[in-house]
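Throughout, protein chains are lettered first and strands after them, A, B, ... in sequence-line order, and every chain is numbered starting at 1.
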Protein chains: 2
Amino acid sequence: MSKAEKSTFYKDAEQLMVAVDCIIFGFDKDQLKLLLFKRKIYPFKNKWSLIGSFVNRKENVDSAANRVLAEYTGLTNVFLEELGCFGKYNRDPAERVVSIAHYALIRLDEQKLELAESHEAHWFDVDEIPKLILDHNEMVTHALEELRRKARYQPIGFELLPEKFTIPQLKNFYDSIYQKELDRRNFRKRILAMDILKKLDEKDKSTSRKGAFLYQFDKKKYKKLVAEGFNFIV
Amino acid sequence: MSKAEKSTFYKDAEQLMVAVDCIIFGFDKDQLKLLLFKRKIYPFKNKWSLIGSFVNRKENVDSAANRVLAEYTGLTNVFLEELGCFGKYNRDPAERVVSIAHYALIRLDEQKLELAESHEAHWFDVDEIPKLILDHNEMVTHALEELRRKARYQPIGFELLPEKFTIPQLKNFYDSIYQKELDRRNFRKRILAMDILKKLDEKDKSTSRKGAFLYQFDKKKYKKLVAEGFNFIV
DNA sequence: CCAAAAGTGTTATCGCTACACCCATGA
DNA sequence: TCATGGGTGTAGCGATAACACTTTTGG
């Protein structure tokens, strides 16, 4: 189909701009964090903002989200999912922009800090998010709710922790997500009962004299369980 | 901010078309159904399709979804939620169109049939969906998964059944959603234990000689329970 | 030797599942 | 009177929550 032909379809439809915005979560020392940066374009230049970009004509929406994520963190192949569409006609005073919000989970230790810094980015504790531009605070609120929901049914904790992690570390993550302290013993029992962790011979002694054994997430076993109809629930 | 000023922002961003498509569910006699119609515009004119529309510049995305729903069913104030963005750059061969899929739950008895018919619409059993245009079959698959997921945590059955319904009717809905037969006695116990149904003095005798008592969903009680942190689980 | 976190087992309770019988009624 | 779907109660089992003591080791 030639270009000339194409343009005859849908000719009464109005065109508008489509953007992606990314809520980027990280986890460090019992604390869930969010990556924000100072906007580089007008309006709202230099205000705190989520990272985002316009979607190009020849680019998938999810590709655009992956593109900005790579641009700001240097990471590819990270956990990145759609959060939802923010489509109020007047959400951006400058232009009509429909934004497809996405959220990402990344490992802080793998992130390229110099990239983030070159974009004037900063990691904020989730309970200390500043006022953001447009409807970005609303996006963050949605993303947090979705993260909590998701954490019940998928082992997303593993996306945020380092490759090797201890069970107390994992518990810290869930404690911070659910904003309450789970029972140590029951938590360990449940997690181990799922049989998706590989125990290593190493210990992490950074938080106690005794040290805690390191574990790795066993993706193969997890996928097998999911295929068999298994529900990860903490 | 004047129009002239506005156009100077984001001037390097490419514009594209944004559409909404609606997966409309109904329920009738133990059977989940879907409203489809014959597309009226080229390309794919006269092929089976979801209902949809382009989003206008001065219109919220969700307003557009509500607009088409009203246009095709005559209904307003129905359950309508976003399903997700379908944003592959080549999903429509005619033009670059990003579609925000929505799903709706409507009561078949309230629907204006003549409106649907004037649009050459037809109700299909969900297990007899024909081949649809573009990625619409994929949208339907997602919508069904979302419906099943949602049915666990929100009392959406009530959106699809008539105002007054019997418990066996409600059970039929869940049976058809989950594609297996729940236990009659346990189902009734669980539903009643939630204390969100008002028992009426009337009976529906259309399916048995004895007749089954009619109930109504008590939205106030339900909202109160949700506010107190209650999880509807069937 | 002691402080501080890691690791381990048992018991009681609750919720869910499975299951069988009676009821109301129109034909 | 009987066939058909509607309505009810209970016992057993499994999963979960609550809970206390031992282990390790650096300082």
K.L.:
Between A:K205 and D:dG26, is there a contact of a side-chain N or O with OP1 or OP2 at under 4.0 Å?
P.N.:
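Indeed, a polar side-chain atom of A:K205 lies that close.
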K.L.:
Measure distances between side-chain N and O atoms of B:R184 and base N and O atoms of D:dG7, and say whether any donor-acceptor pair falls under 3.5 Å.
P.N.:
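Checked by distance alone, the answer is yes.
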K.L.:
Is there a donor and acceptor pair, one atom on the side chain of A:R190 and one on the base of D:dA17, closer than 3.5 Å?
P.N.:
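No pair found.
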K.L.:
Looking just at side-chain N and O atoms, do A:D204 and A:T166 make a donor-acceptor pair shorter than 3.5 Å?
P.N.:
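No donor-acceptor contact under 3.5 Å links the two side chains.
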K.L.:
Are the aromatic rings of B:F165 and B:F158 close, with centres under 6.0 Å apart?
P.N.:
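They qualify: ring centres under 6.0 Å apart.
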K.L.:
As a quick check of understanding, evaluate salt bridge (charged side-chain N to carboxylate O under 4.0 Å, His left out) for B:E146 and B:R149, giving each step before the final call.
P.N.:
CA-CA 5 Å; B:E146 179 62 14; B:R149 202 191 61 70; 3.0 Å; yes
K.L.:
If you measure from the Lys or Arg side-chain nitrogens to the Asp or Glu carboxylate oxygens, is any gap between A:E120 and A:K40 under 4.0 Å?
P.N.:
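Looking at A:K40 together with A:E120, the answer is no, because their closest N to O distance does not fall below 4.0 Å.
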K.L.:
Angle between ring planes, A:Y174 versus A:F187, binned at 30° and 60°: parallel, tilted or perpendicular?
P.N.:
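Because their plane-to-plane angle lies in the 30° to 60° range, the rings of A:Y174 and A:F187 count as tilted.
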K.L.:
Is a donor-acceptor contact shorter than 3.5 angstrom present between the side chain of A:K189 and the base of D:dT16?
P.N.:
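Answer no: no donor N or O sits under 3.5 Å from an acceptor.
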K.L.:
Is it the case that B:R107 places NZ or CZ above or below the six-membered ring of B:F79, under 6.0 angstrom from the centre and within 45 degrees of the axis?
P.N.:
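No, B:R107 does not sit over the ring of B:F79.
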K.L.:
Can you pull the contact range of chain B along DNA chain C, 5' to 3', using atoms under 4.0 angstrom from its heavy atoms?
P.N.:
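The protein-touched segment is C:dT17 to C:dA27.
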K.L.:
Taking 4.0 Å as the cut-off, does a side-chain nitrogen or oxygen of B:R188 come that near to OP1 or OP2 on D:dG7?
P.N.:
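So the side-chain polar atoms of B:R188 do come within 4.0 Å of the phosphate oxygens OP1 or OP2 of D:dG7, strictly under.
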